[in-house]
Each structure stands twice: as structure tokens, then as C-alpha cells.
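Accompanying notes for the structure given below.
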Amino acid sequence: MNHHRYFAGLGARTVECAIVGTGGFGRSFLAQARHVRGLTCRVAVDRDAAVAAGVLASVGVTDVAECADAAAARAAWDAGRAIAAADLAVVADLPIDVVLEATGNPEAGARHARLAIESGKHVVMVTKETDSVAGPILARMAAERGVVCSPIDGDQPSLLIGLATWAQVIGLRIVAAGKSSEYDFVFNPATDEITSNGVIVDAPGFGDWLEAGDRPWAEVIAARARLVPLPQRAVPDLCEMVVVANALGMAPDRPDYHAPIARVTELADLMAPVADGGLLEGNGQLDVFNCLRLPGEASFAGGVFVTVACDDDDTWQMLRDKGHVVARNGKTAMIGLPRHLLGMEAATTVFEVALLGVSSGAEKPRPVMDLTAHADADLPAGSLLVAEGHHHTIAHVSGRMTPARALSDDTPIPYYLLSGRRLKRDVKAGQMILCGDVDLDTGSELYRLRAAQDAITDWS
């Protein structure tokens, strides 16, 4: 991606932003925005205006007005003050170019995106939970009003979409595309321990499988998975990859991914068809890996990758000699982007939508895959299922990535439509949770957006 294009439009005007949700992503964006030429973010919204004001102050913003209504917000804006509010509606009519939705709450994200679009603002969706359920309809609604609804650079969906489309533009044949899960698996050979996200577990015998040697990859990956007593699949990974699927038209070959514990240097071998010694059935698959490394080795940093076909042996031998990751059989290579900088990186998308009027994702995403809900334990009728915590997950409910279908009683429920709802009937462990199992709130913002998306989708 040639980011010089962003700077061609700078200087003509300043892009004005508002951030909704001042947690980790929102705060890092506010902090970085103060250093970005041509970008201003002096409006912050959170459930409590005092929280938003405190975050603005924490990144060095002074003279912050806490505003409870539109009139107060307008007066503060005209006076050149920064604004903290508890509701996007309070600031929606201000001359803001871009609204960044970063609450992580699927229902709030739906409301905020709708409000911003109806107010003629571009929307940058950090809240992938909303995007996974209704991203295509939001993009369409925005386009109909002459604005853009986009995923965001700094998070893996936008970065992977950008990497994959770059590969296509230069004529590479994509074999697979994917991302690293959020936290590395760091193996210490001296102690036979693995550390991940601050948790240390014993993994006796793991060192025997640190190097694959000449063993089949499927055998190596199965042994590593068996020896590591840690979760190896995460709902947020599936959620993010639904956004990618709906942008690129790609899909996984299994609904919960292969999710291997793998070293970066192994990806070209693993993310290849079974016929070529890899893990995948066919070509063009999406997947996720858990980055395995030793203490002191560089992390992939939650980055993204594509594997591509090596169509010219001489070229790829030259690139292998220069350090590029090429499979041991020479048939595939991995090209990676080993970073995602969260809010620090978001300015590129803000400029893309505001100055160029284009998305960092697809121009017209369409429903290809859904993130759906799988019962990992018996769930009795009446159970209240709520997505909670840093990863916005529902207890005893994991995710699956399944072909998108219109909502009906006998279709699997999108994961984040389930949040906050009660079961109408028992669901046994191992079953998909269906829409008909759930007391759905058909009046919710998210449900109404999804119903509208279903109504205009050609399901043939």
C-alpha cells in the first residue's frame, strides 16, 4: 500500500474526528492523533462523559467541556474547546468528518453507526462485533448517503484485506490468508514451559516437536496441540475473519479453523493444500495460527499473512536466499505483515475515507460467512447469555464460522445477536444454537440492521 496517496490531500483542510469508546483502542488513537498532520480529534464519547473527559486529559488535551446536550456541544465547538459526551447524539450534528466506533459493544456499535451515517458522517468500525453481524448493510447504507463505512487499519481485518488485495494486484496467486492469534505461545526449552498472555503451563515433551524434521505436518500440529493445555481458538479471531470473508469472498475449510501452533517460518508449509503437504483442503482458504516462538525471538505481533503459489522457481529461490519464507517443497511462500498497531495506525483509514472517499476494506462487502454460536456445555432454557470481558465472549459458548444465511428459526444464530438474550429451550453441548432457541429482541438496533441486510441479499 502506497501511503503517499494520503498526503496528497493533506494541507487543503483538517479532517475532524470523533471517537466513540475511549478504552484501549480509543485512547491510543487519541494519543496518536495529536501527532498526525491534518487530523484533529477533539470529540470523545463514552457511557460517562467524565470518563471521556478524563481520557482526553490523560493524552494531554486541555480545556475539555463535558456536554449533556447538542446546544452545549455546539457552543463548545464554536469556542474551539474539546468535547466529552455520554451519547453520540449530543455531538452528531457537529461538523465532524469521521466517527470512529470503538465501544466493542455490538448493540451500541449498531446504533452509533446508524446515527453517524444518518448525520452524513463517514464511519470507521473498530467494533468488529457489529461488523460481523451487519457490516454489509452498514456499507450499503453509507454509500446511499454519499459516505463510507470502513474497517480500520490497525486491526487485523483491514490489514489482511489490504495485504490480500495487494497480492492480487501484483499477480500473485493466493493459496491462503490469515492472521496470528492475539497472544504468542512462548516455549522455554530449559523448563519445558509455555507462556501465553501471562499464563505459564508445563508442556513436558513439547521440545520433541519444536522442529518438524521430515515428519508430516498434520502429525506435528496434532502433537503440539495435544501437549499444550491452553485454549487454541478464540472467538475474536473468528469474528475478525468474518469481516475478511465478507470483503474478499474467501472462507475457511473448517468452521473452527485449523489454528495450528506454528512458527512463522512454517507458515508457507502449513497454509497450503493437503495435496502439497499442508493442512488445508483446497486453495483460497482463511485460517489463524498461534505463533510459537522461543524466548527472545521476535513476535509476529498479531500480524497478518498470505501464502502464495511459487509460480517461477528461479524467482522464489532468489527470494528464499534473501530470507523470505518458502515451503520446504518450494511450492508456496508466505508474505507477512508482522504488526497491528491498534489506534496508533488508524489515521490511514481516517484519511482514506475522508480525503479519498474509499474504504480500507471492500467497496461492497457481501454476506459470505457468519460468526455463529456453538454450545460447549448443556445450556438450560432460561439461561441468560451475555458477551463479557476483554474478548467479548459468552461463557460456555464458542464460535464457528459458517456460511451466511437469512435469520430463521432453524438457522444458527449470529454470535452477537445471542448476547444479552435468554434461551427459550434447552441446548445440548455440542450443538449449534439456532435462532429458534433464543428469545430474540426484534426491536434491537443490531437485529433490525441484520433483518434489513437479509431482506436485500440474494441468497440463491
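All values reported here derive from a predicted model rather than from experimental measurement.
- Here the NZ-CG distance, from Lys121 to Leu100, works out to 13.5 Å after rounding to the nearest 0.5 Å.
- In this structure the side chain of Leu238 reaches within 4.5 angstrom of the side chain of Tyr257, judged on heavy atoms.
- Judged purely by distance below 3.5 Å, without hydrogens or angles, the side chains of His258 and Asp253 pair a donor atom with an acceptor atom.
- Here the side chains of Cys239 and Tyr416 are in contact, with some heavy-atom distance below 4.5 Å.
- The two residues Gly302 and His340 make their nearest non-hydrogen contact at O-ND1, 3.2 Å.
- In this structure, Trp77 and Val91 have side chains that are not in contact, with every pair of non-hydrogen atoms separated by 4.5 Å or more.
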- Chi angles and distances behind the side chain to side chain donor-acceptor pair (under 3.5 Å) call for Thr103, Glu101: CA-CA 6 Å; Thr103 63; Glu101 211 302 326; 2.9 Å; yes
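- A donor-acceptor contact under 3.5 angstrom links the side chains of Asp184 and Ser299, judged on distance only.
- Taken from CZ in Phe289 to OG in Ser180, the straight-line distance is 4.0 Å, to the nearest 0.5 Å.
- Distance check: Leu423 CG to Leu385 CG gives 4.5 Å after rounding to the nearest 0.5 Å.
- Contact detail for Ala164 and Leu248: the closest heavy-atom pair is CB-CD1, 3.7 Å.
- A salt bridge does not link Lys424 with Asp437: none of the charged nitrogens is closer than 4.0 Å to a carboxylate oxygen.
- Checked for salt-bridge contact, Arg450 and Asp454 meet the test: a charged N lies under 4.0 Å from a carboxylate O.
- Residues Glu388 and Thr393 have side chains not in contact (no heavy-atom distance under 4.5 Å, counting atoms from C-beta outward).
- With a 6.0 Å radius and a threshold of 12 heavy atoms from other residues, nucleotides or ligands, Arg293 has its CZ atom above the threshold.
- Shown here for Leu294 and Val186, the closest heavy-atom pair between the two residues is C-CG1, 3.9 Å.
- Residue Arg140 qualifies as open at atom CZ: its count of foreign heavy atoms under 6.0 Å is 12 or below.
- Residues Glu240 and Asp155 approach most closely at OE2-OD1, 3.7 Å, considering heavy atoms.
- For Thr372 and Thr402, the side-chain atoms include at least one donor-acceptor pair closer than 3.5 Å.
- In this structure, Thr349 contributes its side chain and Ile152 its backbone to no donor-acceptor pair below 3.5 Å.
- Listed here is the closest heavy atom pair of Met369 and Met250: CG-O, 4.1 Å.
- Remark: the Arg27 side chain and the Ser58 side chain contain an N/O donor-acceptor pair separated by less than 3.5 Å.
- When only modelled atom types and interatomic distance are considered, His391 and Glu182 share a side-chain donor-acceptor pair under 3.5 Å.
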- Apply side chain to side chain donor-acceptor pair (under 3.5 Å) to the pair Glu352 and Ser360, showing each step before the final yes or no. CA-CA 7 Å; Glu352 203 154 37; Ser360 291; 2.6 Å; yes
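- Once rounded to the nearest 0.5 Å, the distance linking CZ of Phe187 with CD1 of Ile261 reads 11.5 Å.
- More than 12 heavy atoms of other residues, nucleotides or ligands shown are found within 6.0 angstrom of CD on Glu118.
- Side-chain atoms of Asp69 come within 3.5 Å of backbone N or O of Ala72 as a donor-acceptor pair.
- Looking only at side-chain heavy atoms (C-beta outward), Val148 and Val358 stay at 4.5 Å or farther from each other.
- Side chain of Ser119 to main chain of Leu115: a donor-acceptor pair is present (N/O by atom type, distance under 3.5 Å, no hydrogens or angles).
- Closest approach of Val64 to Ala53, counting heavy atoms only: CG1-CB, 4.0 Å.
- Glu266 places no side-chain N or O within donor-acceptor distance of the main-chain N or O of Ala262, the cut-off being under 3.5 Å.
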- Audit row: Thr332, Val308, side chain to side chain contact (heavy atoms under 4.5 Å, CB included) steps and yes/no: CA-CA 5 Å; Thr332 51; Val308 300; over 6 Å; no
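- The existence of a salt bridge linking Asp439 and Arg422 is excluded, since no basic side-chain nitrogen approaches an acidic carboxylate oxygen closer than 4.0 Å.
- At least one donor-acceptor pair under 3.5 Å links the side chain of Arg34 to the backbone N or O of Gly60.
- Between Glu107 and Arg111, none of the side-chain N atoms (NZ, or NE/NH1/NH2) sits under 4.0 Å from a carboxylate O, so this pair counts as no salt bridge.
- Under the 3.5 Å distance criterion, the side-chain polar atoms of Asp97 are matched with a main-chain donor or acceptor of Glu16.
- No more than 12 heavy atoms of other residues, nucleotides or ligands shown are found within 6.0 angstrom of CZ on Arg47.
- Of the possible donor and acceptor atoms, one in the side chain of Asn105 sits under 3.5 Å from a partner among the backbone N and O of Ala108.
- In this structure, the side chains of Ser132 and Tyr415 stay at 4.5 Å or more apart for every pair of heavy atoms.
- In summary, of the residues considered (Asp410, Leu417, Leu418, Ile413), a side-chain contact (heavy atoms from CB on, under 4.5 Å) with Cys435 occurs for Ile413 alone.
- Between the side chains of Ser398 and Arg400, at least one donor-acceptor pair of N or O atoms lies under 3.5 Å.
- Here the side chains of Val55 and Val61 are not in contact, with every heavy-atom distance at 4.5 Å or above.
- Asn290 contributes atom CG, which lies 4.5 Å from atom CZ of Phe185 (distance to the nearest 0.5 angstrom).
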